[in-house]
Structures are given as structure tokens and as C-alpha cells.
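In the text below, chain A, chain B and the rest are named by the order of the sequence lines, each starting its count at 1.
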Amino acid sequence: MSKALVWLRNDLRLSDNPALAAAMRHGSVVALYIHETDQALRPPGGAARWWLHHSLRSIAVQLAQIGVTLRVDTGEATEVMRRAARGFDQVHWNRRYAPAQRTIDAANKSDLAAQGIEVQSHPGNVLAEPWTIATGAGKPYSVFTPFWRSLKATDIARPLTAPTGGPIKAPEVDAEYREPVWAKKLSRHWKIGEEAAHETLHDFLDQRLSLYPQGRDFPARAVTSRLSPHLRHGEISARQIWHAAKALAHAEPERAADVEKFLSELAWREAPAELEAWKTGRTGIPLVDAGMRELWQTGFMDNRVRMLTASILAKNLLIDWRTGEAWFWDCLLNADVANNPGNWQWVAGSGMDASPYFRIFNPIAQGERFDAEGDYVRRFVPELAKLPDEWIQKPFDAPESVLSKSGVTLGETYPFPIVDLKATRARALEAMKAL
DNA sequence: TGCCGATTCCA
DNA sequence: GGAATCGGC
């Protein structure tokens, strides 16, 4: 009998779970969840860890009802997978899209292939996979509105139904987890698991959606969907939400505008791939990446680099400065309510005593002025270390011969820039003039 | 604690 | 053809 292993990650549901469905078609199935300890991944915070624990317990019971055992393990993904996949002839998972996650998944894929195990990856928890929505020039959209127009015109895949099978006894999972005392407060506000996720969706569509477009920005009204923790852990898929809301708009056309507003907010989940590149120091602009990696590795960032990385996010990428502020807040050892938000507002030009709106940093020019020998870039972006000073701040302009001599392959060892500095500068000035 | 393109000046 | 300067964004 053929055996398939399903690696569950952020997809803790039975319905519309392409990896699980494919594995079930193949033969007998075991599911695996790994608490990944890879350095490149951020471990979940306390609250998310609490949710995850209960979500795992919930899905373990559901899986047992269709004859699937859930195993839970801890360690580096490739280490755990190498052991766990022994004896299986297929491994399935649903794709994830953050750079660090993709690196890990690619490593696993080749590792398993070397063991003679077939790996099949399936669409992750998105409406449309990133490479299916592109501009006329074949590049990812960098502005939400055209992205949304394009997404709306796309056929979003229909959700799959949950697989069936004969029940077995549910295993005890995540046994080492100890419920923190503060979790009692949380548990009064949330129900966790796939069933609860669908209840939340339908409560929202029935009761709060009509108030959503007007009320969503007013926290006291509490009319938002509250689906985000369910989505985060994959207890419900974006496709399921999409089609449930579309079905409502079809049945009650007078509510179509409300549905559209809600779905456009759902689509925001999928727009900012750039935010992830910024956070993880993979923008393709050396000084920005050095700063973001310093922040992540050390909990500190040089002040000039703070201004510059903030300027890139708020002005070139036109991402809400509060998103960047939240990331700094998480990562900085010296973040303080008195300065962190204030500094961000200064850069974004939205606070009192703001920097003038037209002050947009150019990280290449800044690098050439303040890191002329490239020492700082070399320290935190070692894959560029062998580039000569002349090109260390702008590898994308370096001649091919210089790149190859320095062991740099753009798009492979180091990313192409995710922003066109000139074009995004012009766009920012345009956008701010409009204000 | 800005960037950029145009202009001017000098070699 | 490069450095210095300046105004507009």
C-alpha cells in the first residue's frame, strides 16, 4: 500500500486543503506538524503559540475522524522531515510564500528527492498565487488598486470539499505545551479551529458585513470579520471566504458593494510581498538590506539607516508607516513609546515637526556617502562581500564580469531590486502632492 | 537629517 | 567633462 505524508503548516483545516486531498487520493496518510526552529524563521509569539496549540488539538481530532494520525515534532524542518519521511513514497504540502519559508521548502524538496521520495506542493492559502497576477511587463504589482482590478478579473479556484475516511482513535498532540495563565483571558474571546472559523465567517456575513464599510475604522463598533487568526493558521482558506462572500452577493445583489469592500480588504493579505522582502532584508538594495538584517540579528539599527529604511517603506513602497513601526517595535531592543512611533511619523511626514514630504532618501547615494568602503554592507550582507567598493552599494549596475568574479548572481545569490528608486520616488512625490 | 536636473564655471 | 551651485519637488 502506498503511503503519503502531509506536512501541515499554516493550513490547519480539512476542507479546501489541496495537499491533504492529494495525499488522500494517493493512499494511506499520516500528517506531520513541525514546530520549526530554523534560524531564518521568527518563532510565533506567545499569543499565536497559544492559538496554534489549540488549533493543532482541534485538527488532530478532525483528522482522526478520517483515519489520519497527526504527529507533532520540533526541530529544523529538514532534520525532522528527513527522519519523518522515511518509509513514505510521497510528501505533500501547501505552498507558503515568504522568502525564508520558500528557502526552507526548496531545501526540503531537494533533500527528499535525493532520498527517492516524491514531493508534491500545492497552492497555499491565497486567492491567487503570486506569479499568476502580474503587470503587463510581467512584474508583480506594486500598487494595490491595479492589483485588485487584476485579481477581480481572475477566476479564483473553487474550494475543495473535505476528504472522508474511516475513524481512528485521536492521538494526543503537542503534549509538552503548558497553558500560560494569561491565556484564560484570551479564551473568553475566541473559539479556535476549522468549525469555529466557518462559524465566524457566517456570523460576519450575516450580522456585521452590512455595517462593515462604514464602521470598519471605528474600533468600538467591532464590525470587522475577526477572521485573521483563523486565516493565519489556515483554519479557513482565503478561497473559501471569497466564494462564500461572492455567493452572498449573487443571492442578494443589493449587498454586492459591501461584499466587494470586504473582499478588497481580504486581497490586501496578498499584495505586500514587498513588506516581507523589506522585513527580511531582501530588497536587493544593499544598504537597506544591511540595516534590516542588523535589526533582525542584533536588535539594533544605526540611526541613519533607520531613517533610510523607513523612508524606503513609507515613501518608495507607499506602505503604511505604522506597519514598519510595528516591525521595529518588535525587533528593537531600545524601542520606546516616546521615540519609535515619533521617528516613524517624522520620516513618513505625518507627525508634528514632520520632515518635508519631498525629502526622500536614495539608499545608493546614502551608501556612497556614509558607507563608502562598504564595510557595513559587507558585515550584514556577506553574499556581496567580494564586490569592489565601486559596486557594493549598487550591484545591479555592476558589469557582469565584476559580478561573476565576486561570486554574485543577481536573482540567485542576491535579489534584483524590488523597487525602481527613480520611478517610485516620482510616484511618491505625485501621491503626496495629491494630498 | 534629501534628491535631482539644469546651469555655470573652470580646465 | 567634472565640480559647484541652485531651485523645485
### Task
Return each pair, listed once, that meets ring-ring contact (aromatic ring centres under 6.0 Å, His included) where at least one residue sits in residues 391-435 of chain A; pairs must be two or more places apart or across chains.
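Output for this query is empty, none listed.
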
### Task
Return each pair, listed once, that meets ring-ring contact (aromatic ring centres under 6.0 Å, His included) where at least one residue sits in residues 362-385 of chain A; pairs must be two or more places apart or across chains.
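Passing the test, one end in residues 362-385 of chain A: Tyr376(A)-Phe380(A).
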
Please identify each residue that fulfils side chain to side chain donor-acceptor pair (under 3.5 Å) with [X], with sequence neighbours left out.
X         : value
Glu199(A) : Lys191(A)
Lys246(A) : none
Asn339(A) : none
Glu276(A) : none

### Task
Report the relative orientation of the aromatic rings in Tyr212(A) and Phe204(A); use parallel for angles under 30°, tilted for 30 to 60°, perpendicular for over 60°.
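Aromatic pair Tyr212(A)/Phe204(A) classed perpendicular.
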
### Task
Sort and list the pairs that fulfil salt bridge (charged side-chain N to carboxylate O under 4.0 Å, His left out) and have at least one residue in residues 393-411 of chain A, not counting sequence neighbours.
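Every pair satisfying salt bridge (charged side-chain N to carboxylate O under 4.0 Å, His left out) with a residue in residues 393-411 of chain A: Glu368(A)-Lys394(A).
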
### Query
Which pairs pass salt bridge (charged side-chain N to carboxylate O under 4.0 Å, His left out) with one or both residues in residues 229-243 of chain A, sequence neighbours excluded?
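Qualifying pairs: Asp16(A)-Arg239(A).
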
Filtered N/O pairs between nucleotides 4-9 of chain C and protein, under 3.5 Å:
none

### Query
Hey, are Arg83(A) and Asp73(A) close enough for a salt bridge, meaning a charged N less than 4.0 Å from a carboxylate O?
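Looking at Arg83(A) and Asp73(A), the cut-off is met.
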
### Query
Contacts to DNA chain B from residues 369-380 of chain A, heavy-atom cutoff under 4.0 Å, which residues?
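Heavy-atom cutoff 4.0 Å gives Arg369(A).
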
### Task
May I ask you to list the residues of residues 306-313 of chain A, by number, that have any heavy atom positioned under 4.0 Å from an atom of DNA chain B?
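Nucleic-acid contacts, sorted: Met307(A).
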
### Query
Mapping Arg359(A) and Lys422(A) to their closest nucleotides on DNA chain B, which lands nearer the 5' end?
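Residue closer to the 5' terminus by nearest nucleotide: Arg359(A).
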
### Heavy-atom pair with the smallest gap, counting every atom of Met301(A) and Gly291(A)
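Answer, listing the atom of Met301(A) first, then Gly291(A): CE-O, 3.3 Å.
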
### Task
Might you work through the side chain to side chain donor-acceptor pair (under 3.5 Å) test for Asn108(A) and Thr78(A), ending with a clear yes or no?
CA-CA 6 Å; Asn108(A) 259 299; Thr78(A) 42; 5.4 Å; no

### Task
Using chain A heavy atoms and a threshold of under 4.0 Å, write down where along DNA chain B the contacts begin and end, 5' to 3'.
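Endpoints of the contacted stretch of DNA chain B: dT1(B) to dG5(B).
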
